[in-house]
Amino acid sequence: MVTYDSIRHNEEIRALIEAGNEALGVIGYTDHGYAHAGLTATVAGELLETLEYDPRTCELARIAGFIHDIGNAINRSNHALSGALLAHTILRGMDMDIREVTAIITAIGNHDEGTAAPVTPLSAALILADKSDVRRSRVRTTEHDFDIHDRVNYAVLKSSLSVDKEKKIISLRIQIDTSITAVMDYFEIFLTRMILCRSAASYLGLDFELMINETRML
């Protein structure tokens with residue numbers, strides 16, 4: 001059985017993550033390396049655990065989260081689709097069951113906001129985990145070279161995704177330093193992502209709320 005631990009230590013996967021992250025750094029994107037991969041994996045798995053999905057489904061969510069951006073090694077454009085194809089080849093090469101492979105590549109192929117849709121529990125969890133990773137440490141450019149994406153990420157002092165099972169609400173709570181960027185800048189950059197998160201939450205039977213500096217924005 002292919003495990004999350006074996007995926008994290010797979011040399012082919014690690015090479016793709018490193019190459020994709022390096023390429024995105026050259027063209028000015030925020031971190032898409034091991035920190036993002038690991039955090040996305042952890043949040044996706046914990047989300048489904050909280051919703052009481054079976055342990056193997058939660059592990060598949062972690063695997064999908066860790067490898068969801070390997071397509072960046074080819075090109076940022078259509079990276080969700082190329083990443084799904086790469087994942088299929090690698091996972092089948094590891095003798096993973098085809099049904100599990102299909103579940104993972106469906107999630108990967110549906111995680112980018114340009115083409116994304118929450119069509120399975122794994123895809124919904126991956127969307128929420130990926131899009132909620134907004135933090136200062138993702139910024140790789142110097143302050144002098146910040147664009148609005150860098151500024152918004154740099155302004156985030158703290159972010160967390162939590163589920164209230166009783167109220168059936170999933171909350172993304174963000175603390176922003178408004179001396180660096182205005183709250184409206186967050187919406188300008190991430191409104192599409194937040195709408196996608198709301199759709200993913202709905203698929204899982206939850207309402208989505210966005211709290212910025214303790215004020216509900218969505």
* **Check against salt bridge (Lys or Arg N to Asp or Glu O under 4.0 Å), Arg56 and Glu59** => CA-CA 5 Å; Arg56 185 57 180 168; Glu59 183 159 38; 2.9 Å; yes

* Structure fact -> d(Thr115 OG1, Asn110 CG) to nearest 0.5 Å is 6.5 Å

* Side chains of Val119 and Thr106 in contact at under 4.5 Å (non-hydrogen atoms) -> yes

* Asked: Is there a side-chain contact between Thr40 and Leu126, using heavy atoms and a 4.5 Å cut-off?
  -> yes

* Asked: Please walk me through it: do Arg135 and Leu39 pass side-chain contact (heavy atoms from CB on, under 4.5 Å)?
  -> CA-CA 11 Å; Arg135 52 189 163 83; Leu39 183 60; 3.9 Å; yes

* To do: Tell me yes or no: between the side chains of Asp177 and Ser179, is some donor less than 3.5 Å from an acceptor?
  => yes

* **Check against side-chain hydrogen bond (donor to acceptor under 3.5 Å, both in side chains), Thr141 and Asp150** => CA-CA 8 Å; Thr141 56; Asp150 296 321; 3.0 Å; yes

When the side chains of residues 14-28 are checked against the rest of the protein, which donor-acceptor pairs come out under 3.5 Å, sequence neighbours left out?
{"from": "Arg14", "atom 1": "NE", "to": "Tyr34", "atom 2": "OH", "distance (Å)": "3.4"}
{"from": "Arg14", "atom 1": "NH1", "to": "Arg8", "atom 2": "O", "distance (Å)": "2.8"}
{"from": "Glu18", "atom 1": "OE2", "to": "Tyr34", "atom 2": "OH", "distance (Å)": "2.4"}
{"from": "Asn21", "atom 1": "OD1", "to": "His32", "atom 2": "N", "distance (Å)": "2.7"}
{"from": "Asn21", "atom 1": "OD1", "to": "Gly33", "atom 2": "N", "distance (Å)": "3.2"}
{"from": "Asn21", "atom 1": "OD1", "to": "Arg140", "atom 2": "NH1", "distance (Å)": "3.0"}
{"from": "Asn21", "atom 1": "OD1", "to": "Arg140", "atom 2": "NH2", "distance (Å)": "3.3"}

* **Chi angles and distances behind the side-chain contact (heavy atoms from CB on, under 4.5 Å) call for Ile170, Leu47** => CA-CA 9 Å; Ile170 184 165; Leu47 172 57; 3.7 Å; yes

* Asked: Would a distance-only check, ignoring hydrogens and angles, find a side-chain to backbone donor-acceptor pair under 3.5 Å from His88 to Leu85?
  -> no

* Do Lys168 and Leu206 have side chains that get closer than 4.5 Å, going by heavy atoms? -> yes

* Nearest-0.5 Å distance that lies between atom CD1 in Ile63 and atom CD1 in Ile7 -> 5.0 Å

* Asked: What's the spacing between Leu48 CG and Leu60 CG if we round to 0.5 Å?
  -> 9.5 Å

* Asked: Roughly how far apart are Arg62 CZ and Leu122 CG, rounded to 0.5 Å?
  -> 11.0 Å

* Would you say His111 and Asp69 make side-chain contact, with heavy atoms under 4.5 Å? -> yes

* To do: Would you sort out whether Arg136 and Leu157 count as a side-chain contact (heavy atoms from CB on, under 4.5 Å), showing the intermediate values?
  => CA-CA 7 Å; Arg136 174 171 290 187; Leu157 303 174; 3.5 Å; yes

* Taking C-beta and beyond as the side chain, do Glu46 and Val163 meet within less than 4.5 Å on heavy atoms? -> no

* Asked: When rounded to the nearest 0.5 angstrom, what distance separates NZ in Lys165 from OG1 in Thr50?
  -> 7.0 Å

* Asked: Between atom CG of Leu161 and atom CG of Leu210, what is the distance when rounded to the nearest 0.5 Å?
  -> 10.5 Å

* **Results of ring pair (Phe, Tyr, Trp, His ring centres under 6.0 Å) for Phe190 - residues two or more places apart only** => Tyr186

* Asked: Does one side chain, of Arg173 or Ser171, offer a donor that lies under 3.5 Å from an acceptor on the other?
  -> no

* Assess the side chains of His68 and Asp112: does a donor N or O sit below 3.5 Å from an acceptor N or O? => no

* Asked: Tyr29: what forms a ring pair (Phe, Tyr, Trp, His ring centres under 6.0 Å) with it, not counting sequence neighbours?
  -> none

* To do: Side-chain contact test, heavy atoms from C-beta onward, threshold under 4.5 Å: evaluate it for Leu128 versus Leu204 and give yes or no.
  => yes

